Amino acid sequence: MLDSYQKQYDAIVIGCGHAGVEASLALARLGHKTLAVTLSLDAIAFMACNPAIGGTAKGHLVREIDALGGQMGLSADKNLLQIRMLNMGKGPAVQSLRGQADKTLYHHYMKSIMETQENLDILQGEVAEILTANGKVTGIKTTLNQEFFCDTIVVCTGVYLNAHIIIGDNVTKTGPNGFSRATKLTDSLISLDIPTRRFKTGTPARVDKNTINFDVMQVQKGDDDIYPFSFMTDGHLPNKEVCYLTYTTQKTKDIIMANIDRSPLYNGSIHSIGPRYCPSIEDKVMRFADKERHQIFIEPESSLTNEMYVQGMSSSLPFDVQLEMYKSVIGLEKVKIMRFAYAIEYDCIDSLCLTPYLMVKHIDGLFLAGQLNGSSGYEEAGAQGLIAGINASLYLRNKQPLVLTRDSSYIGVLIDDLVTKGTNEPYRMMTARAEHRLLLRQENADKRLTPIGREVGLVDDTRWQKFCDKQDKCGQISDMLTKTLPPKEFKDYFEKIGEPIPHNGLSYRDMIKRSNVTCESMIEYFDDLKDVDQRCFEEVATDIKYEGYLSKQKNIIGDINKLEGKTLPPDLDYNSIKGLRIEARQKLDKIRPLNLGQASRISGVSPADITVLMVYLSKNKI
């Protein structure tokens, strides 16, 4: 642990939430002596809101973190209460893993991983100031006036900067779950000319399991045959708990409407910007006034507590209204609240001040990641923390930074959106944000990203060998599927699944393109497919089934990459380029895009502006 006389580190990570854990572990595992400073050791990787990992699009992020050599997927698999695949009725591009995590065990497991990691020291304390000299970071100063020096810093403060917990007219100057907030660092960021803003999010009440009538709710079981989050986890994960689905009532709506003037969201008490895609229950009632009821999920927080999480009912209403409101939900008529719902306001930064590799544009060696950058969610934070940690390592090694593209990963989409488009509300990852989502499926995250993780140095020999073995299996299966069978050998199979029988023979590849054909039924029927790896088979089959669409997407990506390949000088004077509209000049000058592709995605930069830029670059032979 921390040598009290050691003052010099390669890297310092501020904050040990989901972003800080990934950044710290990445730096330490890449061989850099790293100090992680956290407000509380009890808050390491703590799930302050939803006790779950994954979800729509977020499951993709966890699989990508894992494919690169990150920790979140491994830790989730070790501490799951339930795992499900969402959107099973839709196509493979939008199917997403969601795991109900044991939040207590998850925290302790992550803390243990941090404590036993070579090259990593952990210190409980509050950072008051980021030290710089000549445009570069040099270290930190804590509120105890301790100074530690380094060559790179990753700031991952989450929602703790000047945090306020709001329940009705009661405002408490504290972080989530009663943890201390950080009161000094915002001033340091402002002094470094990093633009800040104020965001808001919220969390529902936690209620006593013994006071819930589960008999009137719908049981939500996990899936027993779903692959896990980590590519390193073998087999299937057991489901230890169930969740429950219930609904609000007309009484719920009436209670909220009668007390809406007491809601900080509607009486002017809260001025900060909240997440549009995760509204509070009072927001839902006001915005969707025609809806008679809203879905509510009752989820276990941990195997070590009776606390249950009331998913879908975040609120900042006064405690007396909450008592009445929660009891109006079907099955919660006699419920006892153990922790009240609340809203939390906090400082964050304008992510347009960052490069696509998450370094502050005007301060060398200073990287920012997680909710500090305006995002929301553990998975978004973990993804940014991992990339910031990797790039801080590459910075220390004087190597080119890693920039994941939009066609390579959801992580690439997430970061590009933040640093190119910016966000005016807490940013949440969604499948709709990924224009190439058919290429970016969960099951092929390793194929897309593990070679990158290997090149960076985070993918160890064991993971690399497992990846190579899987790719070999996929190649063998792909070869097997070219085999053509005469109609008599699949006649009974097609009759069984309701497919018309052709007059000519079909290859396995052609069969896969039929709508009623499934990998499971093919393995069950055809003897030469019985021993194939089903996960590999399903991945190969998905590529075959959608190869026409995938081919079109790859052609589009090829055209886009021509723009991505045309770099823009970092010192280009956009204000001197004739033909650029004033808005385009201002946006380009502020964001300083790396290439024409990034420039084309900036809000306020039109296709005509891109044409002007292309002509200018060509004319000046840039």
Side-chain angles (χ1 to χ4, degrees), residues 48-52 55-56 86 98 100 165-171 176 200-220 242-270 274-301 306-345 376 425-426 428:
C49 191
N50 198 336
T56 303
L86 304 184
R98 184 180 188 273
Q100 201 66 34
I165 297 295
I166 303 168
I167 302 174
D169 58 2
N170 183 275
V171 179
K200 175 201 77 72
T201 186
T203 190
R206 274 67 165 179
V207 299
D208 187 345
K209 179 179 182 179
N210 294 325
T211 63
I212 298 173
N213 182 8
F214 293 112
D215 293 339
V216 296
M217 300 180 179
Q218 299 175 31
V219 176
Q220 301 284 296
V242 295
C243 299
Y244 297 87
L245 170 64
T246 186
Y247 294 91
T248 61
T249 62
Q250 180 62 43
K251 185 177 180 181
T252 313
K253 185 176 180 180
D254 292 343
I255 293 167
I256 293 170
M257 294 295 291
N259 292 279
I260 199 66
D261 61 322
R262 299 182 66 195
S263 168
L265 293 174
Y266 286 89
N267 64 18
S269 300
I270 291 179
R276 188 163 29 119
Y277 301 105
C278 189
S280 66
I281 187 63
E282 51 263 44
D283 247 352
K284 291 179 185 178
V285 166
M286 295 297 289
R287 286 163 52 186
F288 309 105
D290 58 322
K291 290 200 69 172
E292 295 181 2
R293 63 180 189 173
H294 296 275
Q295 281 189 339
I296 303 297
F297 292 93
I298 309 298
E299 302 169 340
E301 290 249 306
N306 284 333
E307 291 182 75
M308 301 291 283
Y309 180 86
V310 188
Q311 169 82 315
M313 283 195 77
S314 66
S315 177
S316 59
L317 284 163
F319 80 94
D320 58 313
V321 180
Q322 289 191 37
L323 285 169
E324 190 179 2
M325 177 183 72
Y326 278 101
K327 287 186 176 182
S328 69
V329 175
I330 296 171
L332 300 185
E333 292 84 0
K334 297 181 179 180
V335 77
K336 292 182 179 179
I337 295 177
M338 299 178 74
R339 302 179 198 246
F340 284 100
Y342 61 80
I344 181 169
E345 288 186 316
S376 68
E425 62 182 345
R428 178 182 178 180

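These figures come from a predicted structure and were not determined experimentally.
In this structure, I344 and K200 have side chains that are not in contact, with every pair of non-hydrogen atoms separated by 4.5 Å or more. Between M217 and F297 the shortest side-chain heavy-atom distance does not fall below 4.5 Å.
We find the OG-CD1 distance between S315 and I256 to be 7.0 Å, quoted to the nearest 0.5 Å. A distance of 7.5 Å separates CD1 of I260 from CG of L265, quoted to the nearest 0.5 Å.
The side chain to side chain donor-acceptor pair (under 3.5 Å) test applied to D283 returns Y266, not counting sequence neighbours. With sequence neighbours left out, the salt bridge (Lys or Arg N to Asp or Glu O under 4.0 Å) criterion links D320 to R262. Scored by the salt bridge (Lys or Arg N to Asp or Glu O under 4.0 Å) test, R293 finds no partners at all (sequence neighbours excluded). N213 meets the side chain to side chain donor-acceptor pair (under 3.5 Å) test with no other residue; sequence neighbours excluded. Listed by chain and number, the residues in a side-chain contact (heavy atoms from CB on, under 4.5 Å) with K334 amount to none (sequence neighbours excluded). Residues forming a side chain to side chain donor-acceptor pair (under 3.5 Å) with S376 (at least two apart in sequence, or on another chain): none. The side chain to side chain donor-acceptor pair (under 3.5 Å) test applied to N267 returns S269, not counting sequence neighbours. For the side-chain contact (heavy atoms from CB on, under 4.5 Å) test, residues two or more places apart in sequence or in another chain that qualify with L323 are F319, I337, F340. Looking at residues two or more places apart in sequence or on another chain, you find a side-chain contact (heavy atoms from CB on, under 4.5 Å) between A52 and N50, R98, Q100. With sequence neighbours left out, T203 forms a side-chain contact (heavy atoms from CB on, under 4.5 Å) with C49, R206, Y309, Y342.
Between E282 and the options N259, L317, V321, a side-chain contact (heavy atoms from CB on, under 4.5 Å) holds for only L317. Shown are Q322, M325, K253; of these, the side-chain contact (heavy atoms from CB on, under 4.5 Å) with I281 is made only by M325.
Judged as a salt bridge (Lys or Arg N to Asp or Glu O under 4.0 Å), not a single pair has a partner in residues 209-220 (not counting sequence neighbours).
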Which donor-acceptor pairs under 3.5 Å do side chains of residues 243-251 form with protein atoms, sequence neighbours excluded?
{"unit_1": "T246", "atom_1": "OG1", "unit_2": "I330", "atom_2": "O", "d": "2.6"}
{"unit_1": "T248", "atom_1": "OG1", "unit_2": "H294", "atom_2": "N", "d": "2.8"}
{"unit_1": "T249", "atom_1": "OG1", "unit_2": "K251", "atom_2": "N", "d": "3.3"}
{"unit_1": "T249", "atom_1": "OG1", "unit_2": "T252", "atom_2": "N", "d": "3.3"}
{"unit_1": "T249", "atom_1": "OG1", "unit_2": "T252", "atom_2": "OG1", "d": "3.2"}
{"unit_1": "T249", "atom_1": "OG1", "unit_2": "S328", "atom_2": "O", "d": "2.8"}
{"unit_1": "Q250", "atom_1": "NE2", "unit_2": "D254", "atom_2": "OD1", "d": "2.9"}

Could you go through the side chain to side chain contact (heavy atoms under 4.5 Å, CB included) check for S280 and S316 one step at a time?
CA-CA 8 Å; S280 66; S316 59; over 6 Å; no
Working for side chain to side chain contact (heavy atoms under 4.5 Å, CB included), residues F214 and V242
CA-CA 11 Å; F214 293 112; V242 295; over 6 Å; no
Where do L332 and K327 land on the side chain to side chain contact (heavy atoms under 4.5 Å, CB included) test, with the steps shown first?
CA-CA 5 Å; L332 300 185; K327 287 186 176 182; 5.8 Å; no
Which is it for M257 and V285 under the side chain to side chain contact (heavy atoms under 4.5 Å, CB included) test, yes or no, and what are the steps along the way?
CA-CA 8 Å; M257 294 295 291; V285 166; 3.8 Å; yes
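Heavy atoms from other residues, nucleotides or ligands lying under 6.0 Å from CG of N210 number more than 12.
In this structure, K336 contributes its side chain and I212 its backbone to no donor-acceptor pair below 3.5 Å.
Of all non-hydrogen atoms in A205 and A341, the two that sit nearest each other are N-CB, 3.5 Å.
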